*Asks:* 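A single structure is presented below for examination.
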Amino acid sequence: MTELGYLMALSNAMTATLQIPSGWVSDRYGRRKIHILGSALAILPPLAYTLARNWIDLIPWVVLSGLSVGLYNPVRASIIADESASGTMAMAYGWINVSWLIGSVGGPILSGFLADALGIRTPFILCFLLLSLSLPLVLSIQETSRRTERGIEMSREDCPKEFVSAAFIFSSMNVLQGVAFGVFFTITPIFLSKVFSADFLYIGLVNAVGFGLASIIAQIPGGICATRYDRKSLLVIATVVSAPFYALLPISQSMTVYLLYVFLANLSLALSWPAFQELMMRSVSPLKWGFMNGLAATSYWAGMMIGSASSGLIWDMFCASMSYYLAALTVFLSAIPALFIKR
């Protein structure tokens with residue numbers, strides 16, 4: 001269990017290393033080439049995983065996978081902001097979130113089925129093929145124009161003080177929520193296997209329905225609410241409501257109840273995503289959108305690294321319940337920085 005936590009933490013650390021430089025460079029020299037490089041590097045690791053004989057063999061490919069995500073992740077978020085019309089950014093993020101979440105619904109179920117039926121290496125081969133097919137789509141994306149270059153008025157002037165304040169608020173939220181997700185995604189497969197004797201297919205179902213489907217359902221309503229109502233209030237309320245469900249997970253009486261709690265926790269938290277993303281972009285100058293996305297994403301992955309590494313240790317030293325309680329606490333605490341967002 002501890003070795004799994006270390007591997008996931010290493011991948012998160014590599015991602016965190018590159019996201020700020022990637023966003024900064026994309027602000028100054030363009031987003032397309034960085035996006036292509038990161039997407040291309042992501043293709044090889046899943047195939048290499050199938051050749052591993054032990055967890056040590058996975059280390060170089062986990063590093064490469066983390067670096068590839070670090071390159072393309074902040075750039076993709078910035079491309080959406082670049083191309084969003086004024087007043088529609090939250091809905092744009094909502095729809096984009098739906099698109100990648102659709103894959104997260106079918107992917108875990110399919111990978112669980114393939115692992116049970118054909119062996120644990122089969123899902124990695126499928127992942128390699130899908131990533132290879134995505135590269136032509138990445139190549140078709142043209143360089144985006146920054147909002148200032150298209151003559152659209154900036155929502156914020158390039159003010160260092162406001163940037164530092166916004167960076168601290170949103171990065172703090174991401175670190176805390178990253179810890180929660182790092183804990184949750186690391187211990188859930190082991191917890192389900194040990195407590196409920198769940199197979200790979202059911203573990204995939206929990207990820208697909210509890211995280212993927214719940215998040216998909218929340219995105220468009222979240223985008224509509226962020227457009228019509230106060231985004232700050234929506235962000236705080238949705239985050240606070242989500243936290244108790246994580247604390248209920250270790251006392252679930254059955255796999256069905258466990259799945260219900262996961263679904264409700266992620267449904268509530270995901271409702272806040274479009275509001276969070278637009279609030280973050282509106283808080284800084286468009287000249288620093290790439291840098292801000294890189295900083296925010298880095299803070300999230302840093303939290304994931306902490307959560308992944310600590311989850312196994314907490315499990316081994318105490319019990320599984322303590323790991324879930326840590327996740328609940330960090331989600332709740334992440335609502336506090338949101339109270340200081342300027343309307």
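No experiment lies behind these values; they were computed from the predicted model shown. The chain is numbered in sequence order, starting from 1.
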*Asks:* With side chains defined as the heavy atoms from C-beta onward, is the minimum distance between Leu269 and Tyr246 less than 4.5 Å?
*Replies:*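 Answer yes - side chains close enough.
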*Asks:* When you look at Ile224 and Met91, which way does the side chain to side chain contact (heavy atoms under 4.5 Å, CB included) test go after all the steps?
*Replies:* CA-CA 7 Å; Ile224 293 173; Met91 283 301 299; 3.9 Å; yes
*Asks:* I'd like to check the side-chain hydrogen bond (donor to acceptor under 3.5 Å, both in side chains) partners of Ser78; sequence neighbours left out, ordered by chain and number.
*Replies:*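 With sequence neighbours excluded, Ser78 shows a side-chain hydrogen bond (donor to acceptor under 3.5 Å, both in side chains) to Asn293, given in chain and number order.
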*Asks:* To the nearest 0.5 Å, tell me how far Met89 CE sits from Asp82 CG.
*Replies:*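 Output value for this atom pair is 9.0 Å.
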*Asks:* Can you confirm whether Ile237 sits close enough to Val241 that some side-chain heavy atom of one is under 4.5 Å from a side-chain heavy atom of the other?
*Replies:*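 Of all side-chain heavy-atom pairs linking Val241 with Ile237, at least one is under 4.5 Å.
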*Asks:* Is there side-chain contact between Gln219 and Pro274, with heavy atoms separated by less than 4.5 Å?
*Replies:*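 Gln219 vs Pro274: side chains touch.
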*Asks:* Would you give me the side-chain donor-acceptor pairs under 3.5 Å for residues 165-177, sequence neighbours excluded?
*Replies:*
unit_1: Ser171; atom_1: OG; unit_2: Ala167; atom_2: O; d: 2.7
unit_1: Ser172; atom_1: OG; unit_2: Phe168; atom_2: O; d: 2.6
unit_1: Asn174; atom_1: ND2; unit_2: Ala296; atom_2: O; d: 2.8
unit_1: Gln177; atom_1: NE2; unit_2: Ser334; atom_2: OG; d: 3.2

*Asks:* Look at the side chain of Thr15 and the backbone N and O of Ser11, then say whether any donor-acceptor pair between them is shorter than 3.5 Å.
*Replies:*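 Yes: the side chain of Thr15 pairs with the backbone of Ser11.
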*Asks:* Can you check whether Leu67 reaches Leu41 side chain to side chain, under 4.5 Å on heavy atoms?
*Replies:*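 They are not in contact (no side-chain heavy atoms under 4.5 Å apart), so the answer is no.
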*Asks:* How long is the gap from OH on Tyr325 to CG on Leu249, to the nearest 0.5 Å?
*Replies:*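 The OH atom of Tyr325 sits 10.0 Å away from the CG atom of Leu249.
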*Asks:* Locate the shortest heavy-atom distance separating Ser22 from Pro74; write the atom from each residue and the value.
*Replies:*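 Heavy atoms of Ser22 and Pro74 come nearest at OG-CG, 3.9 Å.
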*Asks:* Test side chain to side chain contact (heavy atoms under 4.5 Å, CB included) on Tyr324 and Val183; report intermediate values, then the result.
*Replies:* CA-CA 7 Å; Tyr324 283 114; Val183 169; 5.6 Å; no
*Asks:* Say you draw a straight line from OG of Ser99 to CD1 of Ile96; how long is it, rounded to the nearest 0.5 Å?
*Replies:*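 Between atom OG of Ser99 and atom CD1 of Ile96 there are 4.5 Å.
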*Asks:* Would you say that Tyr49 contacts Cys127 through its side chain, given a criterion of any heavy-atom pair below 4.5 Å between the two side chains?
*Replies:*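 Contact flag for Tyr49/Cys127 side chains = no.
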*Asks:* Provide the closest heavy-atom pair for Thr239 versus Leu235 in the form atom of the first, atom of the second, distance.
*Replies:*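 Closest heavy-atom pair between Thr239 and Leu235: OG1-O, 2.7 Å.
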*Asks:* Hey, is CZ on Phe185 packed in by over 12 heavy atoms from elsewhere, all under 6.0 Å?
*Replies:*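 Yes, enclosed.
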*Asks:* State, to 0.1 Å, how close Gly38 and Leu71 come at their nearest heavy-atom pair, and which atoms those are.
*Replies:*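 Scanning both residues completely, I find the closest heavy atoms to be CA-CB, 3.7 Å.
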*Asks:* Examine distances only and state if a side-chain atom of Ser26 and a backbone atom of Arg31 form a donor-acceptor pair shorter than 3.5 Å.
*Replies:*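 No, because the side chain of Ser26 does not come within donor-acceptor range (under 3.5 Å) of the backbone of Arg31.
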*Asks:* Looking at every non-hydrogen atom in both residues, tell me the closest pair between Leu101 and Ser215 and how far apart they are.
*Replies:*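 Taking every non-hydrogen atom into account, CD1-CB, 3.4 Å.
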*Asks:* So, for Phe196 and Tyr202, is the gap between ring centers shorter than 6.0 Å?
*Replies:*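 That pair fails the under 6.0 Å test.
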*Asks:* Nearest heavy-atom pair of Glu143 and Arg32: which atoms, and what distance?
*Replies:*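 Reported closest heavy-atom pair: OE1-N, 3.2 Å.
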*Asks:* Please report the C-alpha distance between Ile190 and Trp315 in whole Å, then the side-chain angles of each, then the deciding distance to 0.1 Å, and finally whether the side chain to side chain contact (heavy atoms under 4.5 Å, CB included) criterion is met.
*Replies:* CA-CA 10 Å; Ile190 310 302; Trp315 180 310; 3.9 Å; yes
*Asks:* Please report the closest heavy-atom contact between Gly210 and Asn266, naming both atoms and the distance.
*Replies:*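 Closest approach of Gly210 to Asn266: O-ND2, 3.1 Å.
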*Asks:* Taking atom CG of Leu271 and atom CD1 of Ile220, what is their separation to the nearest 0.5 Å?
*Replies:*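 It is 11.5 Å, given to the nearest 0.5 Å.
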*Asks:* Aromatic rings Phe163 and Phe291: how do their planes relate, parallel, tilted or perpendicular, breaks at 30° and 60°?
*Replies:*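 The rings of Phe163 and Phe291 lie parallel, inter-plane angle below 30°.
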*Asks:* Does the side chain to side chain contact (heavy atoms under 4.5 Å, CB included) test come out yes or no for Leu248 and Phe245, once each step is laid out?
*Replies:* CA-CA 5 Å; Leu248 292 173; Phe245 292 109; 4.3 Å; yes
*Asks:* Counting only heavy atoms not in Phe263 (residues, nucleotides, ligands), do more than 12 fall under 6.0 Å from its CZ?
*Replies:*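 Enclosed.
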*Asks:* How about Ile80 and Gln277: do any of their side-chain heavy atoms sit closer than 4.5 Å?
*Replies:*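 With C-beta onward as the side chain, the pair stays apart.
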*Asks:* Can you sort out the partners of Phe184 under ring-ring contact (aromatic ring centres under 6.0 Å, His included), two or more places apart, ordered by chain and number?
*Replies:*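 So Phe184 forms no ring-ring contact (aromatic ring centres under 6.0 Å, His included) with any residue.
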*Asks:* Heavy-atom distance under 4.5 Å between the side chains of Phe124 and Leu47, does that happen here?
*Replies:*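 Phe124 vs Leu47: side chains apart.
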*Asks:* Between the side chains of Thr188 and Tyr258, does any donor sit under 3.5 Å from an acceptor?
*Replies:*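 Note: Thr188 and Tyr258 side chains meet the donor-acceptor criterion.
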*Asks:* Say whether Leu64 and Phe128 are linked into one hydrophobic cluster, either directly or through other cluster members, by side-chain heavy-atom distances under 4.5 angstrom.
*Replies:*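 Different clusters: Leu64 never reaches Phe128 through Ile, Leu, Val, Met, Phe, Trp or Tyr contacts under 4.5 Å.
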*Asks:* Is there a side-chain contact between Met281 and Tyr93 (heavy atoms, below 4.5 Å)?
*Replies:*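 They are in side-chain contact.
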